[in-house]
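These figures come from a predicted structure and were not determined experimentally. By convention in this document, chain letters (A, B, ...) are assigned in the order of the sequence lines, proteins followed by strands, and residues within each chain are numbered from 1. What's counted below: heavy atoms across the whole structure, side chains too, no hydrogens, waters or symmetry copies.
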Amino acid sequence: MTKLPDLTWTRSRDFRAAPFSATPVRPSEWTALAHALSAGHFTLLSLWAEEGAACMALHDADARRVAVARVDAATGAFPSVGVHHAPAQRLERAAADLFGLTPEGAADARPWLDHGRWGIRHPLGGASPDAAQPPYAFLPVEGDSLHQVPVGPVHAGIIEPGHFRFTAQGETVVRLEERLGYTHKGIDRLMRGASLARGAELAGRTSGDSTVAYSVAFAQAVEAALSVAVPRRAFALRGLMAELERLANHLGDIGGICNDAAFAMMLAQTGILRENVLRAAHAAFGHRFMRDRVVPGGVAVDLDAEGEAVIKALIADIRDRFPSLVELYDTTASLMDRTVGTGHVAPDLARRFGAGGYVGRASGRDFDTRRDLRYAPYDMLRLEVPVRHECDVNARVWIRIREVEHCCSLITQMLNALPTGPVLTEVAPVGEPRAGLGLVEGFRGDILAWLALDAEGRINRCHMRDPSWFQWPLLEAAIEGNIIADFPLCNKSFNCSYSGHDL
Amino acid sequence: MRRYLLEGLMRRPLTETAPLPDADAQDQLAAAFARTVRTKLGRSLAIRHVDAGSCNGCELELQALSNPFYDLERFGLHFVASPRHADVLTVTGPVTHNMAEALRRTYDAMPSPKWVIAIGDCAKCGGCFADSYAVAGGVDAVVPVDLHIPGCAPDPTALLKGMVALVERMGSGAEPN
């Protein structure tokens, strides 16, 4: 077997401060990296295509460092990673759809984002006219007394579109196959040639519930590429916004999960708290989701004394009211009956897929970007990362409960030590092509942004990887052996993003 | 749980009401809306929602309409799970090519009379995704639109206002689709 290539590894405190360069590797070395991923030496952070090349970002958890490897694909093909390491499969299928690069040896050659409706093929590669595609072939399922239940893309609730193909034996699900890509908006190509301001606009609209996290990831990549020194107050305000976003999402979802177990009272109660967070965000930062408030170079709005007071009052209110909701969850036996033991995600799967956020942490994966690949302002804060080992819906609810409590602590810590000074610095092109990497802990998990800029500071390539890429496949595993009626519950406990995944 | 149920009985509702002439905009809106819907539709308007490619921001604000502050159902408006049960179709997002057929089929499955509300800046013309190979355009590129509610994302009050406008237009005799 080929020796592992010497990659340029970068520690977390360094890669956000300086341009990032991918290490060129030979195809045999690329495959050796795939084997190393499969053996669990590294975690796959992402895999994407560029013009005539494929890249993958790797995380070395023990040494807390990251690297990007690039293999030449000028011939239109590169060795498949997915054939050795399953988490890369859908990323490779997406790369093939967008750039026309073939992952050689891949087990699954079906298109993923391309449903044959764009009018063109390989929009970021040669952009050839569309040829008629055969109907999408779902994986075959064989056995006695099986029936299929197709669901979506239009769902019954007010949620995003996607298709789920259940195969069930009686009530029990024997296989779920997801088909996504319905919300594909072509963000990767819209990014190409865009200015940084336009890039920030698109990044903030990639996944609506994580607009702050995406904006921070994009800004980090820009600031690393162009070596921008961001004012300390801007970091603190970004932290405040990110934690408010996390708080709003967790509160909404805790109620949402209970609601999917027909316990509507919890949704009404957490819905009140969530609405209060959004109103406070609007009062403090001028937008309920704080969209477009984080920009490359800092933040677009400062926080005044009034805004500070609003956030303080919000946190006091949540601290006052949340504990009795936790007690309500913990003491309602009929609810626990639904959540305990449902939707089991094996720890080994969570580790192999590098599942971020509460999906990973409820299955024993002790990882949080804010702690393990630290960035400002979290390097100045006391951070606790809850981890559980029950791997079920209940464990994912408890991770979120603990994170709500911890968000309150982080926000208080930040408000108590808010630096003064400017909140925005100029971002200027440097006259040479540069690349940068951003990694941020959104409420769902780690969001990666890879950015290559040209000499004038325009975007050559921007790849953003939502945490859902590594969580959607685990949902298929989690529902196996459960009843179809428990799918909404399992699905909500994951709450994967469609738009962030489909781009 | 008993404590919450008891509190629910004892405490004043959180729902923002008191529709006095000089109260804030949302309260006036609530009163106007309740009146109009009651007259025109006998307290019932069923809404079906389709996300045709949005970033999910507009969905979050639509969901907020059901929280105790806005309590959409007090106006007789409620979201339904099937297009067969719906009077109004709300649609968000730039309509992606991958969702265009699903949107059209949902619309076709609704019984007449029916109305369509396009929600959010992207639903108008595609918004910041307008020039993409993957985007068909605004909602009216695929189904006829009766009303557009702008915003990125429109907040729940803006959504309520928009629905009032639609109901009032229904009252003035505008022909549905």
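When only modelled atom types and interatomic distance are considered, B:Thr92 and B:Glu59 share a side-chain donor-acceptor pair under 3.5 Å. A donor-acceptor contact closer than 3.5 angstrom links the side chains of A:His501 and A:Trp112. Checked by atom type, the side-chain pair A:His184/B:Thr96 shows no donor-acceptor distance below 3.5 Å.
For chain A, the nearby part of B:Asn67 is the side chain; its heavy atoms alone come within less than 4.5 Å. There is no contact between B:Ser66 and chain A, counting heavy-atom distances below 4.5 Å. Proximity to chain B (any heavy atom under 4.5 Å) is shown, for A:His282, by neither the backbone nor the side chain. Contacts between A:Ile272 and chain B at a heavy-atom distance below 4.5 Å involve backbone atoms as well as side-chain atoms. Both the backbone and the side chain of B:Phe129 come within contact range of chain A, each with at least one heavy atom under 4.5 Å from a heavy atom of that chain. When heavy atoms are compared at a cutoff of 4.5 Å, A:Tyr182 approaches chain B by way of both its backbone and its side chain. Neither the backbone nor the side chain of B:Cys122 comes within contact range of chain A; no heavy atom of the residue lies under 4.5 Å from a heavy atom of that chain. For A:Leu124, the part lying near chain B is the side chain, with the backbone staying farther off; criterion is any non-hydrogen pair under 4.5 Å. Neither the backbone nor the side chain of B:Ala100 comes within contact range of chain A; no heavy atom of the residue lies under 4.5 Å from a heavy atom of that chain. Proximity to chain A (any heavy atom under 4.5 Å) is restricted, for B:Val80, to the backbone atoms N, CA, C and O. In this structure, chain B has no heavy atom under 4.5 Å from any part of A:Tyr329. When heavy atoms are compared at a cutoff of 4.5 Å, A:Thr211 does not approach chain B at all. For a residue to count as touching a neighbouring chain, one of its non-hydrogen atoms must lie under 4.5 Å from one of that chain's; by this rule A:Ile120 touches chain B with the side chain only.
A:Asp209 has a carboxylate O that lies under 4.0 Å from a charged side-chain N of A:Arg444, or vice versa, which qualifies the two as a salt bridge. A salt bridge is absent between A:Arg90 and A:Asp97; no separation between the charged side-chain nitrogens and carboxylate oxygens falls under 4.0 Å. In this structure, A:Glu245 does not pair ionically with A:Arg291, as no charged nitrogen and carboxylate oxygen lie closer than 4.0 Å. Electrostatic pairing of A:Glu327 and B:Arg3 does not count as a salt bridge here, judged by no charged N lying under 4.0 Å from a carboxylate O. Using a cut-off of 4.0 Å between Lys/Arg side-chain N and Asp/Glu carboxylate O, A:Lys185 and A:Asp502 are scored as not salt-bridged.
If you tally non-hydrogen atom pairs under 4.5 Å between each of B:Glu101, B:Arg105, B:Glu61 and chain A, the highest count goes to B:Glu61. The residue among A:Ser207, A:Ser210, A:Ser324, A:Ser497 with the most heavy atom pairs within less than 4.5 Å of chain B is A:Ser324. For the set A:Leu278, A:Asp114, A:Leu325, A:Leu267, the entry with the most heavy-atom pairs within less than 4.5 Å of chain B is A:Leu325.
The cationic group of A:Arg165 does not satisfy the cation-pi geometry with A:Tyr136, failing either the under 6.0 Å distance to the six-membered ring centre or the 45° limit from the ring axis.
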